[in-house]
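Below is one structure, written out as structure tokens; the observations come after it.
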Amino acid sequence: MWTGVALLSELNTSPLLYVNNLRLRVGGHDWHHHLQVLPGELVVVMGASGSGKTSLLEALAGFLPIQSGSILIEGQAMEQLPPEQRPISLLFQQQNFFEHLPVIENLQLGFPKARPNAAQWQAVLDACQLLQVEGLLQRLPSELSGGQKQRLALIRTVLRPQPVVLLDEPFSALDDAMRQTAGQWLKQTIKVAGQVALLVSHRQEDADTLADQLLLI
Ligand SMILES: Nc1ncnc2c1ncn2[C@@H]1O[C@H](COP(=O)(O)OP(=O)(O)OP(=O)(O)O)[C@@H](O)[C@H]1O
């Protein structure tokens, strides 16, 4: 079981995420990925539109079958596990919220039994304040702008207690200043918690300022 900071000292010499000779095939395209990511590291994934970035995240999360190779998280093989049993938190490009539930309930649903403990909820509230969405918790998702929705979905995805965080263009609807704030918050949060993150981005600036590793597809 992942226990975050408490285990960081034990984990920091071996990869938390090990993508070992992974082969994927989608619609006539073939990809080969090999990647080792240590606790606290952020990997920026870049490549042209249609180059296979989303497909890689989908394969890691269990939504896309793999041809061969393996995916290890903390040494445990993921290939036989369905998506809901993988220790992964994933932010899609769209549709991250239940539309009939207010934001506050959507945020709580990220935690086991939808009940974050006091420290976990305080971390959510602090992040909401930093990313300037603290006044929106009682609204329905349909009452939010694209950028507001994106910031709230980012907070939920990153603060869920899972060791691996996959983010598909999480800053695409943010202005430059907020993008920078959100990026630095993400990097710091991942590092302190000893999680790993894969961040899909089209911006070189994200690679320059946030990446511990750069994966070009
Ligand atoms: N279900 C599918 N059936 C057939 N081909 C698909 C399917 N899903 C994706 N593809 C193709 O696989 C390739 C990779 O798609 P993917 O969405 O992974 O790219 P991407 O790098 O994330 O693109 P973008 O930056 O535009 O989001 C594309 O050429 C796409 O058209």
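Whatever order the structure lists ligands and atoms in, that order sets their numbers, starting from 1.
Taking the six-membered ring for Trp and thresholds of 30 and 60 degrees, Tyr18 and His34 have ring planes more than 60 degrees apart, a perpendicular arrangement.
Of the heavy atoms in Glu58, none comes closer than 4.0 Å to ligand 1.
The protein reaches atom 5 (N) of ligand 1 closely, with a heavy atom under 4.0 angstrom from it.
Atom CG in Asp168 sits 3.5 Å away from atom OG1 in Thr54 (nearest 0.5 Å). Expressed to the nearest 0.5 Å, how far CD1 of Ile217 lies from CE of Met46 amounts to 11.0 Å. Atom-to-atom distance recorded for Leu35:CG and Gln213:CD is 5.5 Å, nearest 0.5 angstrom. Rounded to the nearest 0.5 Å, atoms CG (Leu174) and CZ (Arg179) are 7.0 Å apart. Taken from CG in Leu57 to CZ in Phe92, the straight-line distance is 9.5 Å, to the nearest 0.5 Å. The CZ atom of Arg160 sits 9.0 Å away from atom CG of Leu90, with the distance rounded to the nearest 0.5 Å.
Looking only at heavy atoms of the protein, atom 26 (O) of ligand 1 is closest to Ser49 OG, 2.6 Å. For atom 27 (O) of ligand 1, the closest heavy atom belonging to the protein is Gln93 NE2, 3.4 Å. Scanning all protein heavy atoms for the shortest distance to atom 29 (O) of ligand 1 gives His29 NE2, 3.1 Å. Protein heavy atom nearest atom 19 (O) of ligand 1, with residue, atom name and distance: Gly52 N, 3.3 Å. In terms of protein heavy atoms, atom 17 (O) of ligand 1 is closest to Thr54 CB, 3.6 Å. With hydrogens left out, the protein atom closest to atom 25 (O) of ligand 1 is Lys53 NZ, 2.8 Å, a heavy atom.
Side-chain contact check for Arg203 versus Asp176: some heavy-atom pair is nearer than 4.5 Å. Contact of the Glu41 side chain with the Ile190 side chain is not registered, since no non-hydrogen atoms from C-beta on lie closer than 4.5 Å.
Listed by atom number, the atoms of ligand 1 under 4.0 Å from Gly27 heavy atoms are 4 (C), 5 (N). Listed by number with element, the atoms of ligand 1 under 4.0 Å from a non-hydrogen atom of His202 are 25 (O).
Within the set Asp168, Val26, Leu56, the minimum heavy-atom distance to atom 12 (O) of ligand 1 is found for Val26. The nearest non-hydrogen atom to atom 28 (C) of ligand 1, considering only Gly50, Ser51, Ser55, comes from Gly50.
Below 3.5 Å of separation, one finds no N or O of Trp31 facing any N or O of ligand 1.
Within the 4.0 Å heavy-atom shell around ligand 1 one finds Ala48. Using 4.0 Å as the threshold, Gly47 has no heavy atom nearer than that to any atom of ligand 1.
Although no hydrogens or angles enter the test, the distance criterion places no donor-acceptor pair under 3.5 Å between the side chain of Gln184 and the main chain of Thr181.
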